[in-house]
Amino acid sequence: MMELLGENPFKVNAYYTAARTVELLKEDLGELAGEDQLRHIKGIGSSLAKQIGEILHTGTSQFYQELRAKIPYGLFALTRISGLGPKKISLLHKQLGISDVDRLEEACRKNKLLELPGFGAKTQENILKGIAGLRKYTGQHLFVNVWGLAENLEKELKKHPHVRDALLAGSLRRRKEVVKDIDILVSSDNPEEVAEYFAGLPQVETVVGSGPTKTSVVLHQGIQADLRIVEQGEFPYALHHFTGSQEHNIAMRHRAKKMGLKMNEYGLFDAQGKKIMCQSEKEIFRTLGLDNIPPELRENMGEIEAAEQGKLPCLVELKDIKGVFHIHTVYSDGTASIREMVEETRRRGWNYLGISDHSQSAFYANGLKVEQINKQLAEIDRLNEENPDFTIFKGIEADIRKDGSLDYPDEILAQFDFVIASIHSGFKMTEEEATERLIKAMQNPYTTMLGHPTGRILLGREGYPVSMKAMIEAARDCHVIIELNASPYRLDLDWRWCRYAKELGVKIALNPDAHHLAEFDHMEAGIGAARKGWLEAFDVFNTRPREQVKDYLRLRKGPK
DNA sequence: GCCGTTTTCGGCCCGACTGTTTTCAGTCG
């Protein structure tokens, strides 16, 4: 709103910074405000501390209300139109009285925009395109839906004789669960030809921009892909720059500046403007006094400080995984038999598998009745005898009822080696209700793991509004493992909370939630999220060897 | 509005591309 009103951009930036700081805060905002500690947080000064306090106290602030009164609600939608920023929106509103998308579209069709200073036929046309784009695409895509397309583009580019190096950068390289576009970086001695080749690839629907170093296209799937072309010697600097994140880059350039250096996508320069030669990102970090920061961590969430102090985590890798929990079979809503799932697990080099079909209240998923449980447990016993070098753990994904209880009596739960407690229905809860429901489920002595703790579906539905802090602390108190559901549609626990769990010593189980043989692939997405969450092999439960897991589950079982 | 081995005032990351403009503002990442 301040931007739309033409407020000082540095002041606006201060609000952005403070907002991000608050969002990332693990401490309780209310407590900090109560103890008058807000002002001591970097990025929050006396004015913002006062306003935050006011919002906590009254639910809003006078300043916010004043801003809201000046700006019609529809104007916010205009900010989502590509090519329209605060200046142009403000002008449209002031000069033409435009305050929503429909009226803007109408004005474009009547050529009204041509009268405005700084507007021309091209601008008007682009705004119409932007409106069409806004209606057609959400502009957000699941990592899993984009990765393959991006890899194909990378492969096509590598085929070109004038392309030296080509790598995916941006949020894909950082393994963000949801991405906006594809960023590809190449080095070449003939950028014009490579740019032309890229724009002409069959995957490309339209070219939205093209210059000597940058070409942007939209693919048939509606996903934008940006190609940056640099010289070979610029590649490491450019790779760092285009991997981002924006926030990480800003912090890095800030650091460089404080050291008397200048940093951009073409290089690192000393005070005299002389280039400091680096062969790799690692050398760039070293020059700035930092350990090598893996792409997944580059979100300016403490990685630079950790790199400075030599305290970066040694991130978990797929090869650290020894076995998996949380898979479904034909007994409930899976498509493969237990035997098939076991064979697939072995094929992937793992030597234990935790079966957890749905429980009886999950009608929609053909949840297991007591007789079926007995049948399944007997089958598992037979298969375990057949495979002495492999262990199938007997489990269940038990529904958490509205009151926080699990949907089998204790004597049934006692038959399993492990119990995953999950919410699958009754999503409409207040934060207090959801948190209490989850905590109660974790207090059940038979609960080993908490399944997909918020129930979110990425780009699909919000999770129930649970207090993550209270939930993780309860997991610590109840000795419950929290699942990081590795399905690329869930990735729940969110990676942003993994670090807190790790700090409290709460173990995370990286669970594929596989319903088909192919869904063991989910583990790759899960590893990406776990790495973003700073998790090391030690923090992930299923990096433990089979015997340790056996011992843990045996000791953990039953009433404490 | 925030911050300080450059400072309590004067800065605040850096560059590409577009379109409208006759040298640059706006937008984007």
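Lettering of chains follows the sequences in order, A, B, ..., and the numbering in each one begins at 1.
With C1' as the reference atom, B:dC12 and B:dT6 are 13 Å apart, rounded to whole Å. Distance noted for atom P between B:dT20 and B:dT27: 13 Å (whole Å). The same atom, C1', is picked in B:dT23 and in B:dT18; the two are 15 Å apart, to the nearest Å. For the C1' atoms, the distance from B:dT21 to B:dG26 is 13 Å, rounded to whole Å. Taking the C1' atom of each, B:dT7 and B:dC2 are spaced 13 Å apart, rounded to whole Å. B:dG15 and B:dG10: their P atoms are spaced 25 Å apart (whole Å). When the P atom is used for both B:dG4 and B:dC13, the distance is 14 Å, rounded to whole Å. Across the C1' atoms, B:dT8 and B:dC3 are found 9 Å apart, a figure rounded to whole Å.
A:L114 comes within 4.0 angstrom of no nucleic acid atom, judged by non-hydrogen atoms across all strands. Here A:P86 lies in heavy-atom contact (under 4.0 Å) with sugar-phosphate atoms only. Among the heavy atoms of the strands, none lies under 4.0 Å from A:K50. The residue A:I250 sits close to a base: some heavy atom pair falls under 4.0 Å. Using a 4.0 Å heavy-atom distance criterion, A:P117 is classed as making no nucleic acid contact. Heavy atoms of A:S216 sit nowhere under 4.0 angstrom from any nucleic acid atom. If you check every strand for non-hydrogen atoms under 4.0 Å, A:I41 touches sugar and phosphate atoms only. Using a 4.0 Å heavy-atom cutoff across all strands shown, A:S82 reaches sugar-phosphate atoms only and no base atom. Among the heavy atoms of the strands lying under 4.0 Å from A:Y15 are primed sugar atoms or P, OP1, OP2 only; no base atom is included.
Checked against B:dC2, B:dC17, B:dC13, the side chain of A:S46 finds its nearest nucleotide in B:dC2. The side chain of A:K180 approaches B:dG29 more closely than any other nucleotide in the set B:dT20, B:dG29, B:dG15. Nearest to the side chain of A:R253, among B:dG29, B:dC13, B:dG1, sits B:dC13. Among the nucleotides B:dC12, B:dC17, B:dG29, the one closest to any side-chain atom of A:P212 is B:dC17. Residue A:Q246 has its side chain nearest to B:dG29 when only B:dG29, B:dC12, B:dG26 are considered. Ranking B:dC14, B:dG1, B:dA16 by closeness to the A:L48 side chain, first place goes to B:dG1. For A:F10, counting side-chain heavy atoms from C-beta on, the closest listed nucleotide (B:dC12, B:dG29, B:dC2) is B:dC12.
Checking B:dT8 for Watson-Crick or G-U wobble geometry (two distances, each under 3.5 Å) identifies no partner in any strand.
With hydrogens and angles ignored, the 3.5 Å screen pairs no side-chain donor or acceptor of A:R286 with any backbone N or O of A:N292. Put simply, the side chain of A:D492 gets close to the backbone of A:T454: a donor and an acceptor are under 3.5 Å apart.
Inspection of the A:Q203 and A:N152 side chains reveals no N or O donor paired with an N or O acceptor under 3.5 Å. Donor-acceptor pairing under 3.5 Å is recorded for the side chains of A:D226 and A:Q224.
Residues A:L290 and A:I284 are not in side-chain contact: their nearest non-hydrogen atoms beyond the backbone lie 4.5 Å or more apart.
Other residues, nucleotides and ligands place more than 12 heavy atoms under 6.0 Å from the NZ atom of A:K158. Counting heavy atoms of neighbouring residues, nucleotides and ligands inside a 6.0 Å radius, atom CD of A:Q65 exceeds 12 of them.
Screening A:H162, A:R164, A:Q232 for a side chain to side chain donor-acceptor pair (under 3.5 Å) with A:D189, the sole residue that qualifies is A:H162.
Atom P of nucleotide B:dC14 and atom CZ of A:F269 are separated by 12 Å, given to the nearest angstrom. A:L227 places its CG atom 15 Å from the P atom of B:dA16, with the value rounded to the nearest Å. Summarising the geometry, the separation between CD1 on A:I89 and C1' on B:dC28 is reported as 13 Å, rounded to the nearest angstrom. Atom-to-atom, CD of A:E265 to C1' of B:dC28 comes out at 13 Å; the value is rounded to the nearest Å. For A:K129 and B:dT18, the NZ to C1' distance is 12 Å, given to the nearest whole Å. In this structure, the CE atom of A:M252 is 13 Å from the P atom of B:dC14, given to the nearest Å. Separating the NE2 atom of A:H254 from the P atom of B:dC14 is a distance of 10 Å, rounded to the nearest angstrom. Distance, A:F119 CZ to B:dT27 P: 8 Å, rounded to whole Å.
Here A:T213 reaches the OP1 or OP2 of B:dC17: one of its side-chain N or O atoms lies under 4.0 Å away. Here A:K88 does not reach the OP1 or OP2 of B:dA25: none of its side-chain N or O atoms lies under 4.0 Å away. At the phosphate of B:dT18, neither OP1 nor OP2 sits under 4.0 Å from any side-chain N or O atom of A:N126. Taking 4.0 angstrom as the limit, A:Y266 places none of its side-chain polar atoms (N or O) nearer than this to OP1 or OP2 of B:dC14. In terms of phosphate contacts, A:K87 brings a side-chain nitrogen or oxygen within less than 4.0 Å of OP1 or OP2 of B:dG26. Listed pair A:K262 / B:dG15 meets the phosphate criterion, a side-chain N or O lying under 4.0 Å from OP1 or OP2. Residue A:K257 places at least one side-chain N or O under 4.0 Å from the OP1 or OP2 atom of B:dC14. Phosphate contact (OP1/OP2 of B:dG15, side-chain N/O of A:N264, threshold under 4.0 Å): present.
The aromatic rings of A:H248 and A:F285 lie perpendicular to each other, with more than 60° between the two planes, well past the 30° mark.
Mapped onto DNA chain B by nearest heavy atom, A:M263 and A:I81 fall at different nucleotides, with A:M263 at the one closer to the 5' end. Comparing A:Q51 and A:A121, the nucleotide of DNA chain B nearest to each residue sits closer to the 5' end for A:Q51.
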